[in-house]
Amino acid sequence: MKTGDRIRRRPGEATYERIYALVRQIPAGYVASYGQIAALVGRCTPRMVGYALAALPADSDVPWQRVINAQGKISPRADSQGTARQRQLLEAEGIRFDAQNRVNWRQVRWPGPELDWLLANGFSPEPAWTPENAKS
DNA sequence: CACGTGACAACTC
DNA sequence: AGAGTTGCCACGT
């Protein structure tokens, strides 16, 4: 170990790629929060998840629309049309929004990947916390 | 409920 | 090679 090794990450596995790998596991009909993804990735902030998703190319195979904020709402961003598109994609997958434009977390929250998948892909078996849990 | 605070990697010159 | 730019959040008070 040299003095610059703050974060141990596997060679070739950039943080963004790990975020993408995780988001790819979210099945249609479920959504995850930025904080939930961040907790699974480890050494990652919810904001970074947003950064990573914002950097995705349009033709990406990552289901970015399945990640929303802890309030259960679609995060506003620069391109307002993108927000509408995200909602459209989610509704096509069966996600319902209430009058406040929020989803019902208890119904559609992604439980997370299988334990063996986590282990096989170098993720921590137990996420420290999720924002939704921390509040309650 | 509104506000301020915390905290990061990838890309582009 | 290094500095500057960019970008979809959560929490406590």
Side-chain angles (χ1 to χ4, degrees):
Chain A
M1 302 282 214
K2 302 175 184 70
T3 24
D5 297 327
R6 356 185 221 284
I7 303 175
R8 55 196 146 251
R9 62 184 173 206
R10 286 164 177 74
E13 289 188 20
T15 302
Y16 276 27
E17 285 305 320
R18 291 212 265 148
I19 293 171
Y20 298 152
L22 211 40
V23 174
R24 265 190 276 257
Q25 301 306 308
I26 308 176
Y30 289 90
V31 292
S33 73
Y34 296 95
Q36 185 182 353
I37 301 298
L40 287 169
V41 170
R43 288 293 165 222
C44 179
T45 62
R47 187 161 237 199
M48 271 210 50
V49 177
Y51 293 160
L53 294 182
L56 279 172
D59 59 352
S60 168
D61 62 333
V62 177
W64 54 270
Q65 73 273 16
R66 294 173 196 157
V67 185
I68 61 180
N69 63 29
Q71 306 169 2
K73 299 197 288 194
I74 295 173
S75 286
R77 60 186 163 196
D79 180 12
S80 59
Q81 291 184 353
T83 309
R85 170 165 173 72
Q86 181 171 7
R87 173 163 179 158
Q88 184 182 2
L89 287 169
L90 288 177
E91 286 180 331
E93 294 177 353
I95 305 294
R96 305 275 212 81
F97 292 84
D98 62 17
Q100 311 170 45
N101 296 321
R102 301 200 312 169
V103 304
N104 188 335
W105 271 121
R106 290 182 304 189
Q107 288 183 354
V108 299
R109 181 178 177 273
W110 180 48
E114 299 296 330
L115 180 58
D116 53 359
W117 187 94
L118 284 176
L119 296 176
N121 291 272
F123 289 93
S124 171
E126 46 180 271
W129 59 246
T130 66
E132 299 79 48
N133 289 341
K135 282 204 152 180
S136 57

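Atom CD of A:E17 and atom C1' of B:dC11 are 14 Å apart (whole Å). The CD1-P distance, from A:I74 to C:dC9, rounds to 13 Å in whole Å. Summarising the geometry, the separation between CE on A:M48 and P on B:dC11 is reported as 12 Å, rounded to the nearest angstrom. A:I19 has its CD1 atom 10 Å from the C1' atom of B:dC8, to the nearest Å. Between the CH2 atom of A:W64 and the P atom of C:dC9 there is a distance of 13 Å, given to the nearest Å. Straight-line distance from the CG atom of A:N69 to the P atom of C:dC9: 8 Å, rounded to whole Å. In this structure, A:L53 atom CG and C:dT6 atom C1' are separated by 15 Å, rounded to whole Å. Per the geometry, OH belonging to A:Y16 stands 7 Å off C1' belonging to B:dC8, to the nearest Å.
Atom name P, nucleotides C:dT5 and B:dG6: the rounded distance is 23 Å, in whole Å. For the C1' atom pair drawn from B:dA7 and C:dT6, the interatomic distance equals 15 Å after rounding to whole Å.
Remark: side-chain polar atoms of A:D79 are paired, donor with acceptor, to backbone N or O of A:Q81 under 3.5 angstrom. The closest donor-acceptor contact from the side chain of A:Y20 to the backbone of A:A52 lies under 3.5 Å.
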Would you list the atom pairs, donor with acceptor, under 3.5 Å between side chains in residues 61-68 of chain A and any protein atom, with sequence neighbours excluded?
unit_1	atom_1	unit_2	atom_2	d
A:D61	OD1	A:R24	NH1	2.7
A:D61	OD2	A:R24	NH1	3.3
A:Q65	NE2	A:E93	OE2	2.9
A:R66	NE	A:E93	OE1	3.0
A:R66	NE	A:E93	OE2	3.2
A:R66	NH1	A:I26	O	2.7
A:R66	NH2	A:E93	OE2	2.8

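Nearest to the side-chain atoms of A:S75 among the listed nucleotides C:dC9, B:dA7, B:dA10 stands C:dC9. Comparing C:dG7, B:dA7, B:dA9 against the side chain of A:Y51 picks out C:dG7 as the nearest.
Remark: A:Q88 engages no residue in a side chain to side chain contact (heavy atoms under 4.5 Å, CB included) (not counting sequence neighbours).
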